[in-house]
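Computed from a prediction, not measured in an experiment: that's the story for all the values here.
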Amino acid sequence: EVGLNYVFPLITSSYNLIYKLHPEFPLLSKEGDITIGGVFSINSQISSPPLTFTDAPEPLKCSRYHFREFHFAQTMMFAIEEINNSSSLLPNISIGYQIFDGCDSNLPSTRAVMGLINGPERTLEKTCSSHLSVHAIVGASESSSAIAMLQISGIFQIPVISHFATCACLSNKKEYPYFFRTIPSDYHQSRALAKLVKHFGWTWVGAVRSDNDYGNNGMATFITAASQEGVCIEYSEAISRTDPSEQVTRVVRVIQSGSARVLVAFLAQGEMEILLEEALKQNLTGLQWVGSESWITAGHLATKGYSRILTGSLGFTLRKSKITGLREFLLQVNPSQDPDNNLLREFWEATFGCSLQSSPHGQTQCSGTERLQDIKNPFTDVSELRISNNVYKAVYAVAYAMHNMLKCGQSGEAVNHPCIWKDALESKQVVKHLRDVNFTLQSGERVYFDENGDPTATYELVNWQRNQAGDIVFVAIGSYDASLPNGKQFTMIGINTTWAAESLERPQSVCSESCLPGFRQAVIKGKPICCFSCIACAAGEISNFNSAECSRCQLEYWSNEDHSQCVPKVIEFLSYGETMGVLLTAFSLFGASLTLVVSCVFFWFRHTPLVKASNFELSFLLLFSLTLCFLCSLTFIGRPSEWSCMLRHTAFGITFALCMSCILAKTIAVVIAFKAKRPANTVPQCSAPLQRTSVLSCTLLQVLVCLLWLTLAPPFPYKNTAHATERIILECDLGSPIGFWAVLGYIGLLAVLCFILAFLARKLPDNFNEAKFITFSMLIFCAVWVTFIPAYVSSPGKFTVAVEIFAILASSFGLLFCIFAPKCYILLFLKRETSTLEEFSPFIRTQSVSVQLSKSTQEQSSVKGKKRKHGNLQFKYYKICCLFMFQV
């Protein structure tokens, strides 16, 4: 590291060379043991001299007196006087000051810091000294000016404490290790502004900024934070006080033509005034202004004609404070304090609009006895001490750092022990102690710096409102504290807010109107995310007001018609209350009733040959099973439960197995009777016990299959949400599909056996034609259940159950009508006097039987032996008797 003793002479020599033509001197100064420099933009406009390159350039001239900045300078002087009069802070040390005009520009600010480094001597002689003439600098009021100052002061490790430079870039300690400030960084303010516009629902805003470090960095942070909050920027324009009027005119036209009704103005006061002047020319009204702390509490903007544009403005600023004795100090300012001071003379003339010198233009002559108490301007106004308090805190921070560095009041128990003065105060020691300061002002405010040299970020949200007198006042309506957790930083007090054009209704500023519940935002290609179209949510999805995405309902819920909320899905099952359930129930009961009627008919005519020949016992068992078949379909209707699911399939399987077993027993008896060759083998096969055994065996086998099914994997109620998304199908899960198809397959096997045996008996004599009706009934039965399989698999929801019930009813009706309808017809509508076999035989055309017997006898004529011939005739006669039991 190059020593300061080597660098300092070289730099000061260069500065002396530059300042040989136009040296820079302080506007206000006072000698003291410790010197604090001050750089304030007392004038806000700079005039560039013409450059001829033949003559030496003229010095820069600053104009446009800025009362607010002069107020800051006087506040610094007041704080220094207060410290010098204090017996507890730097008790035997006096503080002096040197105040320069930064002229709100980088070049004058650079010249000011050079003047501070060179010292207060008004000589142009070369001086070589390693001792700095200033120990700390308070200023400047702009970030760009502060950065320009730091480029020079940083070389000499002189600390700069700004009261108004808010650029977040200054928190970078690697680039600016000697910078401190008593105003929060724009990093926090920009984020606060983003939360503000989001809080009021303004998602489509315009932006204008100062084209300098303050505006560019602050707006960049705001745009980043705004995008995180879902706020879009329609346009972002930049202006500078040095821009030509055409540029400012163009920016105002962009603002006026934009669709955003909210304008975020991250502007320094100089650029703000330029923009407002052009806005007045173009009659730019109706906008909701959101401002940065630079101008949001600038009283001179409210007193001018800008209030028509700015009324209702919102913005964050520092909390108000009260400095006791400051107003009295300000009112004592008078040119008589230093008659040779041009700054005091300019202030007096600008304040009272007169001239202290005789003027040939007829201007009013100032007497010097005018009263500042009668003037109301930013200089005399102490009702909004926000930035002034920052100046006050900056001076006290330097004083406390010096106090600690000089070990004042730290000798034993003596509180006011004199400071240990050092002839050579090193600036880096001042910086070290500035980092560690932690004190409390008389107002109770605590002052300290974090690791970046920044204070705690706390703001007030102010609103421009008119009081009863018609004047603009800054009313605090909220606050922002960056030290609090996210979500609790921004709060509203609840005070009524005045909006743009003094309206009491909050303006709307959106690119697209909010989507209603049931719709979602769809980004329009090529436009920001805040510009969107509203698309209805899909079925089963809902959305709230202005939702970016639709939310899918839970599995057992579905969206209502408006897609605004999820409602329970409709539970669908075949119930007794709907038309289909009523019809199927009616057919089921009708079939069961009809079967009971047939049973009654058979019971009534039980002594007739027809009933006796039809095997009374087997016929009643068949009618009983058919009744159960009709009734078992009722178990398929209604809300499925655990018991109903197990009952419906097992009852169906067992009853149909019983029915098929009875028909199979009938068919086997017919076939065996005609196919047997010897009577000794036929009689046991036609006996009733054998028929009962066969029916019972076939049925028990199905019972065993059902028991095995219910034991291993029984059917159970199941909410099917996969087949239909908008409803829940309450159905019976088979548990084991193998069990279901085994039951159905066994019934099918019995039906096929009946059909085959009946088909084999189709060529029996016409008298013995029950096999034909069994064949026809089995054909219907098989056709129904073969058709049932694809229909059952493909039918949706409750129609699956309906198809199964229809198959049960159709097959049951088919069996009932095909087998019993002809018998009932004979019993009810033909002569019932046929009570003997001989009387009944003519009706059934026994002539055919006789012919058949004759033919059989002739066929046996070639057989030798009378005994064998007689046995065959007996066997033929037995066939007739056995088959007579099944004839129609």
Side-chain angles (χ1 to χ4, degrees), residues 67-68 71 164 189-190 192-197 199-202 205-210 218 222 252 255-256 260-280 283-321 376-378 381-388 459-480 490-509:
F67 290 104
R68 191 186 190 192
H71 176 101
F164 216 177
Q189 181 188 196
S190 300
L193 290 174
K195 291 182 182 295
L196 173 67
V197 296
H199 174 78
F200 290 118
W202 300 326
V205 300
V208 61
R209 67 187 187 277
S210 296
F222 169 77
V252 175
I255 296 173
Q256 200 164 29
R261 307 315 304 158
V262 175
L263 178 63
V264 178
F266 219 98
L267 295 167
Q269 289 189 37
E271 284 82 7
M272 187 65 183
E273 291 180 3
I274 295 173
L275 181 67
L276 289 175
E277 289 177 1
E278 184 62 31
L280 282 176
N283 193 26
L284 180 63
T285 58
L287 281 180
Q288 177 64 51
W289 291 74
V290 177
S292 60
E293 93 294 329
S294 176
W295 64 267
I296 196 64
T297 55
H300 70 284
L301 296 180
T303 57
K304 292 186 177 182
Y306 306 139
S307 60
R308 181 169 61 92
I309 300 175
L310 296 178
T311 302
S313 296
L314 295 169
F316 287 101
T317 187
L318 304 177
R319 297 183 183 275
K320 287 195 299 185
S321 184
K376 185 178 181 180
N377 63 12
D381 185 16
V382 293
S383 62
E384 296 287 336
L385 294 181
R386 304 177 191 271
I387 309 302
S388 301
Y459 298 96
E460 277 185 349
L461 175 62
V462 296
N463 179 221
W464 287 38
Q465 301 182 9
R466 289 192 185 275
N467 57 17
Q468 294 181 352
D471 298 327
I472 295 294
V473 291
F474 308 125
V475 179
I477 62 172
S479 64
Y480 182 86
F490 177 58
T491 56
M492 296 292 293
I493 298 176
I495 299 176
N496 291 334
T497 305
T498 299
W499 306 102
E502 301 187 35
S503 172
L504 297 178
E505 184 178 353
R506 184 173 65 191
Q508 300 295 321
S509 185

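Listed here is the closest heavy atom pair of Ala268 and Ser294: CA-OG, 3.3 Å. Heavy-atom minimum distance, Leu385 versus Val382: CG-O, 3.3 Å. The two residues Ala260 and Gly206 have their closest heavy-atom pair at CB-N, 3.6 Å. In terms of heavy atoms, Ala302 sits closest to Phe474 at CB-CZ, 4.4 Å.
In this structure a side-chain-to-backbone donor-acceptor pair under 3.5 Å is missing from Glu460 to Thr317. Gln465 places a side-chain N or O within donor-acceptor distance of the main-chain N or O of Asn496, the cut-off being under 3.5 Å. With hydrogens and angles ignored, the 3.5 Å screen pairs no side-chain donor or acceptor of Trp464 with any backbone N or O of Thr297. Judged purely by atom type and a 3.5 angstrom limit, Asn463 uses its side chain to pair as donor or acceptor with the backbone of Ser313. Trp499 places no side-chain N or O within 3.5 Å of a backbone atom of Thr311 that could act as its donor or acceptor partner. Although no hydrogens or angles enter the test, the distance criterion places no donor-acceptor pair under 3.5 Å between the side chain of Arg261 and the main chain of Gln508. The backbone N or O of Arg386 lies less than 3.5 Å from no partner atom in the side chain of Ser321, so there is not a single donor-acceptor pair.
Contact annotation: the side chain of Glu271 never approaches that of Phe266 to less than 4.5 Å [non-hydrogen atoms, C-beta and beyond]. Residues His300 and Asn377 are not in side-chain contact: their nearest non-hydrogen atoms beyond the backbone lie 4.5 Å or more apart. Inter-residue side-chain proximity for Arg319 and Ser479 is flagged as met; some heavy-atom pair is nearer than 4.5 Å. Contact of the Ile495 side chain with the Val475 side chain is registered, since non-hydrogen atoms from C-beta on lie closer than 4.5 Å. Counting heavy atoms from C-beta on, the side chains of Glu277 and Tyr306 come closer than 4.5 Å. Using a 4.5 Å heavy-atom cutoff, the side chains of Glu293 and Phe164 are in contact. Side-chain atoms of Ile472 and Leu301, non-hydrogen and from C-beta on, never get closer than 4.5 Å to each other. Proximity of Lys376 to Asp381: side-chain heavy atoms (C-beta onward) are nowhere separated by under 4.5 Å.
His199 and Phe490 have their aromatic ring centers within a separation under 6.0 angstrom.
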- prompt: Should Ile296 and Phe316 be marked as a side-chain contact (heavy atoms from CB on, under 4.5 Å) after you check the CA-CA gap, both sets of side-chain angles, and the distance that decides it?
  reply: CA-CA 7 Å; Ile296 196 64; Phe316 287 101; over 6 Å; no
- request: Using the side-chain contact (heavy atoms from CB on, under 4.5 Å) rule, take Ser307 and Leu310 through it: C-alpha gap first, then chi angles, then the decisive distance, then the call.
  value: CA-CA 5 Å; Ser307 60; Leu310 296 178; 5.9 Å; no
Trace of the side-chain contact (heavy atoms from CB on, under 4.5 Å) decision for Gln288 with Trp202: CA-CA 10 Å; Gln288 177 64 51; Trp202 300 326; 3.7 Å; yes
- prompt: Run the side-chain contact (heavy atoms from CB on, under 4.5 Å) check on Leu193 and Val290 step by step: do they pass?
  reply: CA-CA 8 Å; Leu193 290 174; Val290 177; 3.7 Å; yes
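Of the candidates Leu504, Leu314, Leu461, Leu314 is the only one forming a side-chain contact (heavy atoms from CB on, under 4.5 Å) with Thr497.
To the nearest 0.5 Å, atom CG of residue Leu318 and atom CD1 of residue Ile387 are 4.5 Å apart. With values rounded to the nearest 0.5 angstrom, Ser210 atom OG is found 11.5 Å from Trp295 atom CH2. Note that CH2 of Trp289 and CG of Leu263 are 5.0 Å apart. Values are rounded to the nearest 0.5 Å. Atom CD of Gln189 sits about 10.5 Å away from atom OH of Tyr480, to the nearest 0.5 Å. One finds the CG atom of Leu276 at 11.0 Å from the CZ atom of Arg308 (value rounded to the nearest 0.5 Å).
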